[in-house]
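Structure record follows, encoded as structure tokens.
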Amino acid sequence: MELLGNLWLGLQVAADPINLLYCFFGVFLGTVVGVLPGIGALAAISLLLPLTYHIEPTAAIIMLAGVYYGAQYGGSTASILLNLPGTPSSAVTCLDGYPMAKKGKAGVALFVTTIASLAGAMTGLIMLTLFSPVIAEVGLKFGPAEFCSMMLLGLVAASSMSSGSAAKGLCAMVLGLLIGMVGTDVNSGAARYAFDVPELTDGINLVALAMGLFGVAEVVRCINSADTNRKLEKISLRSMAPSKDEFKATLKPMARGSALGSALGALPGVGPSIAAFMSYAIEKRLAKDPSRFGQGAIEGITAPESANNAAAQTAFVPSLSLGIPGDAVMAIMLGALIIHGIQPGPMLITEQPSLFWGLVVSFAIGNIMLVILNLPTIGLWVALLRIPFAWMYPAILVFVALGVYSVNNNTFDIYSVAVLGVIGYLLMVLRFEPAPLLLGYILGPLLEEYMRRAMLISRGDAMVFLQRPISATLLAITAALLLWAIWSTVRHSLRAKQELDVARALPD
């Protein structure tokens, strides 16, 4: 009965006309940025972050969340039609979606991805509804030591489980921690890493960091790689209906993908991308004929699409219930909450029930809006994909400059986003993932704060982190992840050395 009462409260909040308007705007914009290659949900949310200063917190978070899960829907469109992933998590959709399009089944592929996305999102939403209060109750037992250990675990998990090198992920995370230390120390009042630049005494702007690392860097990366000469077929509603056998073949992969994505999305540092790729790998292993995958297997698009949309919903579990972001986008969402004076964590559900449950119900409403938007308006997304990239990217850079300037009305932030964009591009070239860097920047100050609180309470005894069972368990898991990261790096180096020795031993 309590759950029904909470959902009724959430429905009253989500059904407010203003919140519905912002929800629609968020999912619509999310679909657009998902369809357009090279623009991700993170860049769009970063651009919208200054706008949230002027609207109510609930409406702001509903809008930003709509952009996040809306991009998961739209990302598959460009993957199927152009073999260009609109979002990182939709890259796996290219493997079978584009071959289906070349076989004249683009409409079927787009239809089943929309249905799979809805199924995955609703499954993830159920998991979010059922388990967030449980996690919050457990979180009430957390003190400063437990929060410090939890944040350390989230940082290490986010970096060591990244899709690239674990060592590079850890290095990026440490760099983010250092950037987060820039500014004035809240305890001593001393300026740290400011280099006598007055503007740096307030720290690096979150919006500038996110826009530079992801938005500007992505634009620079995509300028020379965009393919604008592809022919797009016309898609009718009739051509989108799958056959009976095709629809039957999607059911089990859809269920498995939804379950896997719901579980993985709730883990800090995993996110929709890893969930999508793992789901695809499982379906390929379970298939009677694995050779079909990569040639247009319908299971190869339904499983990962349901997985990444389920993960997009359950990613809010650690973010809202524990204050630990699951990925870089969740880090921005936490930043938006903090900007509005709302502290994410176990007390969020009890202190802000209307915000939490209103957000949960808005997910269901937003996903229904997405289905209504995606099925009839596929022709619109195809038309948007025909916009010359030479026009698109300069416009994005203009919006980036306007967005970052509007935060503090300071031209220094524009210079900052330009420098951070260069840094983000260099990280891409060197294959360092910027997401762990952003997580380090967001969680670093909080990690420092809880560490100082724990040390003050224990009168300087560092053993407090090992004497408390929950904290000790979290630190043990963190140590195991670090050992795994070191071992995987050494193993990769040894394997590369062996392959090089074999290549040298071969005759010319």
Can you tell if the side chain of [X] reaches within under 4.5 Å of the side chain of [Y], non-hydrogen atoms only?
X: Leu200; Y: Phe412; value: yes
X: Asn19; Y: Ser362; value: no
X: Arg256; Y: Glu283; value: yes
X: Gln313; Y: Tyr68; value: no
X: Leu370; Y: Ser117; value: no
X: Leu447; Y: Cys148; value: yes
X: Leu125; Y: Asn367; value: no

### Query
With sequence neighbours left out, what residues match Tyr441 under ring-ring contact (aromatic ring centres under 6.0 Å, His included)?
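Checked Tyr441 against ring-ring contact (aromatic ring centres under 6.0 Å, His included); zero matches.
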Would you give the length of the straight line joining atom [atom1] of [X] to atom [atom2] of [Y], rounded to the nearest 0.5 angstrom?
X: Trp357; Y: Thr58; atom1: CH2; atom2: OG1; answer: 14.5 Å
X: Asn309; Y: Thr314; atom1: CG; atom2: OG1; answer: 10.5 Å
X: Ile61; Y: Leu337; atom1: CD1; atom2: CG; answer: 4.0 Å
X: Ile62; Y: Glu56; atom1: CD1; atom2: CD; answer: 11.5 Å
X: Ile18; Y: Cys23; atom1: CD1; atom2: SG; answer: 13.0 Å
X: Thr201; Y: Arg192; atom1: OG1; atom2: CZ; answer: 12.5 Å

### Task
Only counting residues at least two apart or in another chain, list the ones meeting side-chain contact (heavy atoms from CB on, under 4.5 Å) with Phe25.
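Expected list: Leu29, Leu48, Met63.
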Looking only at heavy atoms, what is the nearest atom pair of [X] and [Y], with distance?
X: Ser76; Y: Thr93; value: CB-CG2, 4.2 Å
X: Gly120; Y: Ser258; value: CA-OG, 3.3 Å
X: Ser149; Y: Ser471; value: OG-OG, 2.7 Å
X: Leu64; Y: Ala336; value: CD1-CB, 3.7 Å
X: Val361; Y: Gly10; value: CG2-C, 3.6 Å
X: Glu305; Y: Asn308; value: O-OD1, 3.1 Å

### Query
Can you check side-chain contact (heavy atoms from CB on, under 4.5 Å) on Leu209 and Leu437, steps first, answer last?
CA-CA 10 Å; Leu209 182 67; Leu437 189 154; 4.3 Å; yes
### Query
Around atom CD of Glu448, are there more than 12 heavy atoms of other residues, nucleotides or ligands at under 6.0 Å?
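Atom CD in Glu448 is packed in, count exceeds 12.
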### Query
What do you reckon, is OH of Tyr425 surrounded by more than 12 foreign heavy atoms closer than 6.0 Å?
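Counting neighbours around OH of Tyr425, 12 or fewer heavy atoms of other residues, nucleotides or ligands fall under 6.0 Å, so no.
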### Residues Leu456, Arg453; criterion side-chain contact (heavy atoms from CB on, under 4.5 Å); working and verdict
CA-CA 5 Å; Leu456 285 172; Arg453 287 183 184 179; 5.7 Å; no
### Query
Could you give all pairs that pass the side-chain hydrogen bond (donor to acceptor under 3.5 Å, both in side chains) test and reach residues 455-470, with sequence neighbours left out?
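side-chain hydrogen bond (donor to acceptor under 3.5 Å, both in side chains) check on residues 455-470 returns Glu146-Arg468.
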### Query
When the ring planes of Phe195 and Tyr193 are compared, do they come out parallel, tilted or perpendicular, using 30° and 60° as the limits?
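Phe195 and Tyr193: tilted rings.
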